[in-house]
There are 2 protein chains.
Amino acid sequence: MNTPPLDDEAPKTSRTGETDRKGEGERRGRKASKEQRRQQLIEATIDSLARRGYSETTMADVADGAGLSRGIVNFHFESKEKLLVATLQYMADEYAAHWRSALARAGEDPADRLWALVAADFDRFVCNKRKLAAWCAFWGEAKSRPTYQALCGARDQAYQQVFVDLCDALEREAGYGFEPGAMALALSATLEGLWLRLMLGTENVTRETSFQAAAELLASVFPRHFVRDGAGVRRRAGKGHEMTERTER
Amino acid sequence: MNTPPLDDEAPKTSRTGETDRKGEGERRGRKASKEQRRQQLIEATIDSLARRGYSETTMADVADGAGLSRGIVNFHFESKEKLLVATLQYMADEYAAHWRSALARAGEDPADRLWALVAADFDRFVCNKRKLAAWCAFWGEAKSRPTYQALCGARDQAYQQVFVDLCDALEREAGYGFEPGAMALALSATLEGLWLRLMLGTENVTRETSFQAAAELLASVFPRHFVRDGAGVRRRAGKGHEMTERTER
DNA sequence: CAGCGTTTGTTGAACATTCATTCAGTACGG
DNA sequence: CCGTACTGAATGAATGTTCAACAAACGCTG
């Protein structure tokens, strides 16, 4: 009951990129710098969270996963608590950087930006079983730990505000009649809910079907900006730049 | 960091209804039946999950919360694992009974039924911090425990199918053009996502604003069936029975 | 109905295990 | 040869489980 088949679609290595994770260990000496070691341990923590869940993640498991000795974590991080907070912080930073980057690449048009934001959420880099499982592990503990609670809004104040602003802009462009704040809440909640569904992994929900569901919703809520086209949804031509990005099936 | 203000809006007592939970203990003798004791312990487990989170929920805490002695849980349930499974099962049954009942009360018209389903999700009985926190605690562990995974689809196969059927019916009535399966996934994910947001409890998200957001979404996706009316959303008149239920502000 | 043994729910202390943390020692780099 | 990164065994605290003792209900008999 300990290792269900999990990481079927996760990108294997982290950006640190060493492949010595499971290595024999002969060269695991004084090579890595302090910061590298910290990242290595954080990656091992995410692995453990994904594989065994929060309550069964132990210091020993993290150390083993990193191919290092038991006491190592208390050397680089002060305690288990601090390790977990650092891990969550790492994931939150990574997530925020990811959507900000997608937004920056999207240009100025609100519809393009909204689409980019949604698409970014289903990018393999952030949307894979490993990271989703880790997120969910923290969610489960967030209510009783203020420190987690603050960071678990990776979809935080700023993220939410972007959604509100975009909904507001689109509403004013086309006069949809909805209340921007409420709609923004509904849309961002949908993305989170789809992540959750994906994580629980029951049924036949995949990254593709989830993305398609989100796109379908955009087409219904913003019919003047997005249009159904065969099996996919795409940006409607006419307004801003013509972008023909589309759902992938 | 142990007892943040949590149960601000939760309905206090369970259906078992005894108030002897925190009683002095002089009459806590052989009064309760076996089944009553089990329920009492399950309620105490939900309390503990909500208050301290999954990883910090201990047998001692559950026993204390029920006002009983340490060894009691292992007598009524065989182990901690079995207690938690029973608790999850209890919540899943309760949730399923709740939406089925709401559906039964809603009549035949698909739009009324969909509205009832959504409204049921934000009913105080199931949607309060205590139960939401407990759900979320299980979600966090579900990935690594097949037993939890199966039950965590309280929103399970059957629930999802109801959504698909309703989306399909409404689509055929009005020719919205969306794919029912995808839309059903998006909508049910939205509800779950709103629960999650509510649970994390950041920002100013309340049960009312969440419900309003969901209603706003319904009005956008099914404009021929629901209409915005002042500050709320209501069932559009004309088709089935005229129901003027609306969001509460 | 009293007396009495049996069953059943309950207690709390003892036990075993798991795990985070500590720290004295080791080895590599500069 | 000094300092820093690292090791791994020892330690102690926390916690799930067991169990022998206990007491309340129940049933039986006289």
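Quick note: numbers below take in every heavy atom, side chains included, and nothing from hydrogens, waters or symmetry partners.
When the nucleotides dA20(C), dG12(C), dT7(D) are ranked by their closest atom to the side chain of Leu68(A), dT7(D) comes out on top. The side chain of Arg37(A) sits closest to dC6(D) out of dA5(D), dC6(D), dT21(C). In this structure, the nucleotide among dC19(C), dT21(C), dT17(D) sitting nearest to the side chain of Thr58(A) is dC19(C). The side chain of Lys34(A) lies closest to dA5(D) when the candidates are dG8(D), dA20(C), dA5(D). If you check dC6(D), dT21(C), dG16(D) against the side chain of Phe75(A), the one that comes closest is dC6(D). Proximity note for Lys80(B) (side chain, C-beta onward) versus dT21(C), dT17(D), dG12(C): the nearest is dT17(D). For Asn74(A), the listed nucleotide lying nearest its side chain is dT22(C); candidates were dG8(D), dG9(C), dT22(C).
The aromatic rings of Tyr54(B) and Phe138(B) lie perpendicular to each other, with more than 60° between the two planes, well past the 30° mark. In this structure, Phe122(A) and Phe211(A) have tilted ring planes: the angle between them lies in the 30° to 60° band. Between Trp195(B) and Tyr95(B), the angle of the ring planes goes over 60°, which puts this pair in the perpendicular group of the 30/60° scheme.
Residue Phe77(B) contributes atom CZ, which lies 15 Å from atom P of dG16(D) at whole-angstrom precision. Protein atom CG of Leu41(A) is 15 Å distant from nucleotide atom C1' of dA20(C), rounded to whole Å. Straight-line distance from the CD1 atom of Ile72(A) to the P atom of dC23(C): 17 Å, rounded to whole Å. In this structure, His76(A) places its NE2 atom 7 Å from C1' of dC6(D), rounding to the nearest Å. Between Leu83(A) atom CG and dC19(C) atom C1' the separation is 14 Å, expressed in whole Å. The distance between atom CG of Asp61(A) and atom P of dT18(C), rounded to the nearest whole Å, is 14 Å. Spacing between atom CG of Asp64(B) and atom P of dT15(D) amounts to 12 Å, rounded to whole angstrom units. When rounded to the nearest whole Å, the span between NZ of Lys82(A) and C1' of dT21(C) equals 13 Å.
Between the side chains of Ser55(A) and Glu141(B), at least one donor-acceptor pair of N or O atoms lies under 3.5 Å.
At most 12 non-hydrogen atoms from other residues, nucleotides or ligands lie less than 6.0 angstrom from CD of Glu78(B).
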